[in-house]
Amino acid sequence: MNGLDTLSKQRLEKLEAVKQEGIDPYPNTFPVNATVRDIRKQFGEMTPEQLENVTDRFVLAGRLMSIRDFGKAAFFHIQDRTGRLQAFIQKKTAGDGFSYLKKLDIGDFVGIKGKPFRTKTNELTVLVEDLQLLSKSLQPLPEKWHGLTDVETRYRQRYLDLIMNPVTRSVFEKRSAIIQTIRNFLLARDFLEVETPMMQPVAGGASARPFKTHHNALGLDLYLRIAPELYLKRLVIGGMERVFEINRNFRNEGISTQHNPEFTMLEFYQAYATYEDLMTLTEEMIGHVVQALVGGFAVEYQGQKVDFTPPWRRMTLRESLRTVGGFDDEFLRDPAKIRDFLEAREVQVNGKEGLGKLHTGIFEVEVESKLIQPTFIINYPLEVSPLSRRRSEDPTEVERFELFIVGREIANAFSELNDPVDQRERFLRQLEERKGDEENPPELDEDYVRALEYGMPPTGGEGIGIDRLVMILTDCPSIRDVILFPLLRPEKRGSE
RNA sequence: GAGCCGCUAGCUCAGCCAGGUAGAGCAUCGGACUUUUAAUCCGGUGGUCGCAGGUUCGAUUCCUGCGCGGCUCACCA
């Protein structure tokens with residue numbers, strides 16, 4: 001028998017002992033009337049003398065996190081969704097409840113009834129008059145001092161991570177608050193929140209490799225979406241002039257600290273807005289989120305100070321290649337030299353790339369990681385932007401920006417291409433480039449082109465990677481720290 | 001996919017370099033204890049050292065392969 005079997009067996013025996021006494025170890029309900037936070041808020045400032053005059057009784061419930069037993073009295077902590085609170089129970093005043101505690105284990109859920117007081121060391125504590133088991137725990141919790149630090153266990157058994165690490169809970173509370181703030185910001189600007197298909201016959205709107213699935217009754221192959229873009233723009237065509245969706249995208253690519261196969265994206269579209277308007281809106285929206293979260297514009301990420309005070313730096317891609325990347329114009333005009341440069345950095349080139357693709361290639365290698373403060377990089381090559389409107393000043397470029405913070409791409413936006421003829425040509429060129437890719441069979445979304453043929457108003461659209469934004473605002477180094485259940489290989493269990 | 005690092009009790013970690021089949025703290029079990037808070041004191045239980053091979057009289061330790069994880073790179077408009 002291994003140690004865990006021993007510990008669980010002991011707990012099962014205690015469970016049986018409790019049952020023998022006619023106690024239900026899994027009672028159905030327990031009406032609480034206070035949380036730990038309530039008690040702290042109401043009594044945290046009171047003196048011991050004031051607390052003595054409290055006549056109200058409070059009913060709390062939570063997980064038993066520690067016990068310090070003194071024979072005829074004991075201290076323990078309970079933890080609920082709002083925090084931890086100490087309780088004190090003594091034989092003299094709690095009688096049966098006291099002997100009952102001895103049968104419980106750390107990890108069990110308990111309900112307590114009592115009143116607040118202060119101990120000799122001045123800690124706010126509940127003097128317990130009644131104690132009840134609410135749910136038995138059969139697995140031992142990690143140790144009280146070091147807690148749970150093993151990252152693999154934290155990801156695989158997130159419930160344990162949440163029980164043991166308040167910081168983890170806090171990250172996900174902040175994540176929820178960030179998303180709520182964004183939602184409210186957009187709703188206040190008359191955007192309509194919508195949901196579009198996760199399962200799509202043609203995986204469009206980005207160029208990632210999709211996950212494939214199958215609908216049995218229809219005998220239909222489908223893809224999990226890599227982006228909602230083409231559907232959201234159909235809605236703009238349909239007259240929903242301001243729409244947004246916050247939901248999952250799925251990309252069948254490698255996993256890293258920046259990439260999870262399913263991740264959350266905000267996409268929004270605003271008719272009669274240009275990419276210029278969206279830059280301003282982005283500053284306002286993210287600025288608003290940062291303020292709501294930290295009460296200012298200053299954030300520290302992994303030891304780097306990031307200042308979100310608007311306006312943020314705006315720079316064309318070419319300019320960034322010159323000033324940040326240190327490339328001169330002669331180099332930037334010479335595809336052969338750029339190819340050599342990229343090959344020297346072990347970046348794969350196939351010789352077919354145009355200058356535009358090569359420029360974004362060296363941007364990723366030499367510039368991206370240096371953009372620490374929020375920076376809009378604007379005016380991308382047409383070649384790498386099949387869904388964006390051309391710049392009237394230079395039709396080889398498009399009205400597009402990407403937002404970079406701490407060296408990472410956080411947002412991608414453009415004035416949308418609404419010329420159906422141009423769009424069809426660009427799709428066809430894309431199909432030509434992708435020919436022979438078995439994982440990502442090229443297909444043209446005919447219905448999307450047809451929709452454009454009905455007419456789309458001039459529109460600005462943007463996507464923001466929510467997970468990456470949350471990482472920066474919660475100081476998390478890995479995307480797995482901001483996704484409750486990140487994808488891991490299945491664990492191999494025992495003898496199976 | 002590649003390189004590097006890790007995997008020892010429920011948890012957090014020693015031990016491995018210089019091979020002799022394992023230790024600590026916490027948790028847990030028994031005992032003492034009515035204001036502790038990493039409670040304290042006394043005494044116990046608990047491990048196929050990630051898995052499989054190899055070398056060796058003998059492997060947690062050395063070698064090889066595999067698994068899982070982490071980081072970096074690659075991939076990813």
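Just so it is clear, the structure is predicted and the values come from calculations on it, not from any experiment. Chain letters run A, B, ... following the sequence lines, proteins first and then strands; every chain starts at 1.
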- Message: Once side-chain hydrogen bond (donor to acceptor under 3.5 Å, both in side chains) is applied, do any residues pair with A/Arg318, and if so which ones, sequence neighbours excluded?
- Response: none

- Task: Taking atom P in both B/U12 and B/A74, compute the distance separating them and give it to the nearest angstrom.
- Result: 32 Å

- Would you please confirm or rule out a distance under 4.0 Å between OP1 or OP2 of B/C29 and any side-chain N or O of A/Lys14? yes

- Ranking A/Asn122 and A/Ala206 by the position along RNA chain B of their nearest nucleotide, the one closer to 5' is A/Asn122

- Task: Would you mind classifying the nucleic acid contact of A/Thr257 as base, sugar-phosphate or nothing, using non-hydrogen atoms under 4.0 angstrom?
- Result: sugar-phosphate

- Record whether the side chain of A/Gln86 comes under 3.5 Å of the base of B/U36 through a donor-acceptor pair of N or O atoms. yes

- Query: Over how many whole Å does the gap from A/Glu409 atom CD to B/C76 atom P extend?
  - Reply: 14 Å

- Can a donor-acceptor pair be found between the side chains of A/Arg389 and A/Asn418 at a distance below 3.5 Å? yes

- Side chain of A/Ile106 only, please: which of B/G70, B/U28, B/U72 is the nearest? B/U28

- With a 4.0 Å cut-off on heavy atoms, is A/Glu123 in touch with a base, just the backbone sugar-phosphate, or nothing at all? base

- On the 0 to 90° scale, with breaks at 30° and 60°, tag the A/Phe401-A/Phe376 ring pair as parallel, tilted or perpendicular. perpendicular

- Query: Can you name the residues that form a side-chain hydrogen bond (donor to acceptor under 3.5 Å, both in side chains) with A/Tyr100, not counting sequence neighbours?
  - Reply: none

- Please state how far atom CG in A/Leu141 lies from atom P in B/A9, giving the value in whole angstrom units. 18 Å

- Task: Please measure how far the C1' atom in B/C75 lies from the corresponding atom in B/G1, and state the result in whole Å.
- Result: 9 Å

- To the nearest Å, how far apart are A/Asp108 CG and B/G10 P? 20 Å

Close N or O pairs between protein and nucleotides 38-40 of chain B (under 3.5 Å):
{"residue": "B/A38", "atom": "O3'", "partner": "A/Lys144", "partner atom": "NZ", "Å": "3.4"}
{"residue": "B/A38", "atom": "N1", "partner": "A/Trp145", "partner atom": "NE1", "Å": "3.4"}
{"residue": "B/A39", "atom": "OP1", "partner": "A/Lys144", "partner atom": "NZ", "Å": "2.1"}
{"residue": "B/A39", "atom": "OP2", "partner": "A/Arg68", "partner atom": "NH1", "Å": "3.2"}
{"residue": "B/A39", "atom": "N6", "partner": "A/Asp69", "partner atom": "O", "Å": "3.0"}

- Message: Base, sugar-phosphate or nothing for A/Phe117? Non-hydrogen atoms, less than 4.0 Å.
- Response: base

- Paired with B/A24 by Watson-Crick or G-U wobble geometry, both distances under 3.5 Å: which nucleotide is it? B/U12

- Note on the structure: By the Watson-Crick or G-U definition, both distances under 3.5 Å, B/G43 is matched with B/C29

- Item | Pairwise P distance for B/C33 and B/C16, with rounding to whole Å | 44 Å

- Query: Side chains of A/Arg84 and A/Ser66: donor-acceptor distance under 3.5 Å anywhere?
  - Reply: no

- So, A/Arg57 and A/Asp130, do they make that salt bridge, N to O below 4.0 Å? no

- To the nearest Å, how far apart are A/Leu101 CG and B/C33 P? 16 Å

- A/Phe327: partners by ring pair (Phe, Tyr, Trp, His ring centres under 6.0 Å), with sequence neighbours left out: A/Phe331, A/Phe341

- Task: Please list, chain by chain and in numerical order, all residues satisfying side-chain hydrogen bond (donor to acceptor under 3.5 Å, both in side chains) with A/Gln10, sequence neighbours excluded.
- Result: none

- Task: Check ring pair (Phe, Tyr, Trp, His ring centres under 6.0 Å) between A/Phe244 and all other residues, then give those that pass, not counting sequence neighbours.
- Result: none

- Item | Contact list for residues 356-368 of chain A, test side chain to side chain donor-acceptor pair (under 3.5 Å), sequence neighbours left out | A/Arg345-A/Glu366

- Phosphate contact (B/U45 OP1 or OP2) by A/Thr6 side-chain N/O below 4.0 Å: no

What N/O pairs connect the protein and nucleotides 2-5 of chain B at under 3.5 Å? Give each pair on its own line.
none

- Only pairs at least two apart or in different chains count here, so list each salt bridge (charged side-chain N to carboxylate O under 4.0 Å, His left out) that has a residue in residues 97-115 of chain A. A/Lys14-A/Asp105, A/Glu21-A/Lys103, A/Asp69-A/Lys102, A/Asp105-A/Lys136, A/Asp108-A/Lys136

- Message: Below the 4.0 Å mark, does B/A74 have OP1 or OP2 next to a side-chain nitrogen or oxygen of A/Arg345?
- Response: no

- Task: For nucleotides B/U35 and B/G31, find the distance between their C1' atoms and express it as a whole number of Å.
- Result: 22 Å

- With C1' as the reference atom in both, quote the distance from B/C42 to B/G47 in angstrom, rounded to an integer. 25 Å

- Query: With nearest nucleotides of RNA chain B determined for A/Leu148 and A/Lys91 from heavy-atom distances, which residue corresponds to the more 5′ nucleotide?
  - Reply: A/Leu148

- Message: Using a 3.5 Å distance criterion without hydrogens, assess whether the side chain of A/Asn165 forms a donor-acceptor pair with backbone atoms of A/Leu148.
- Response: yes

- Message: From C-beta outward on A/Val151, which listed nucleotide comes closest to its side chain: B/G10, B/U35, B/G70?
- Response: B/G70

- Task: List for me each residue that meets side-chain hydrogen bond (donor to acceptor under 3.5 Å, both in side chains) alongside A/Arg424, sequence neighbours excluded, and say none if there are none.
- Result: A/Glu446

- Message: Need the pair for B/A38. Rule: Watson-Crick or G-U wobble, both distances under 3.5 Å, any strand; none if unpaired.
- Response: none

- How would you label the contact of A/Arg84 with the nucleic acid (heavy atoms, under 4.0 Å): base, sugar-phosphate, or nothing? nothing

- Among B/C71, B/A27, B/U36, find the nucleotide with the atom closest to the side chain of A/Thr125. B/U36

- Note on the structure: Sequence neighbours excluded, the answer for salt bridge (Lys or Arg N to Asp or Glu O under 4.0 Å) partners of A/Arg339 is A/Glu353

- Message: Nearest whole Å is fine: how far is B/C33 P from A/Phe75 CZ?
- Response: 17 Å

- May I ask you to list the residues of residues 152-169 of chain A, by number, that have any heavy atom positioned under 4.0 Å from an atom of RNA chain B? A/Glu152, A/Tyr155, A/Arg156

- Rounded P spacing from B/C57 to B/A14 in Å: 33 Å

- Rounded to whole angstroms, how far apart are CD on A/Gln258 and C1' on B/U72? 12 Å

- Item | Nucleotide opposite B/G65 in a Watson-Crick or G-U pair, distances under 3.5 Å | B/C51

- Considering only the P atoms, how many Å lie between B/G46 and B/A2, rounded to the nearest integer? 43 Å

- Task: Assign the ring pair A/Phe43 / A/Phe58 to parallel, tilted or perpendicular, where the plane angle (0 to 90°) is split at 30° and 60°.
- Result: perpendicular

- Message: If you compare every side-chain N and O of A/Arg489 against the phosphate oxygens of B/G69 (OP1, OP2), does one of them come in below 4.0 Å?
- Response: yes

- Message: With hydrogens left out and only the distance checked, is there a donor-acceptor pair under 3.5 Å joining A/Thr149's side chain and the base of B/U12?
- Response: no

- Message: Less than 4.0 angstrom between a side-chain N/O of A/Arg11 and OP1 or OP2 of B/C29, yes or no?
- Response: no

- Atom pair distance, as rounded to whole Å: CD in A/Glu368 and P in B/A74: 11 Å

- Considering only atom P, compute the distance from B/C5 to B/U48 and round it to an integer number of Å. 27 Å

- Query: Tell me: CG of A/Leu12 to P of B/U28, nearest whole Å?
  - Reply: 16 Å

- Item | Base-pairing assignment for B/U72 (Watson-Crick or G-U wobble, both under 3.5 Å) | B/A2

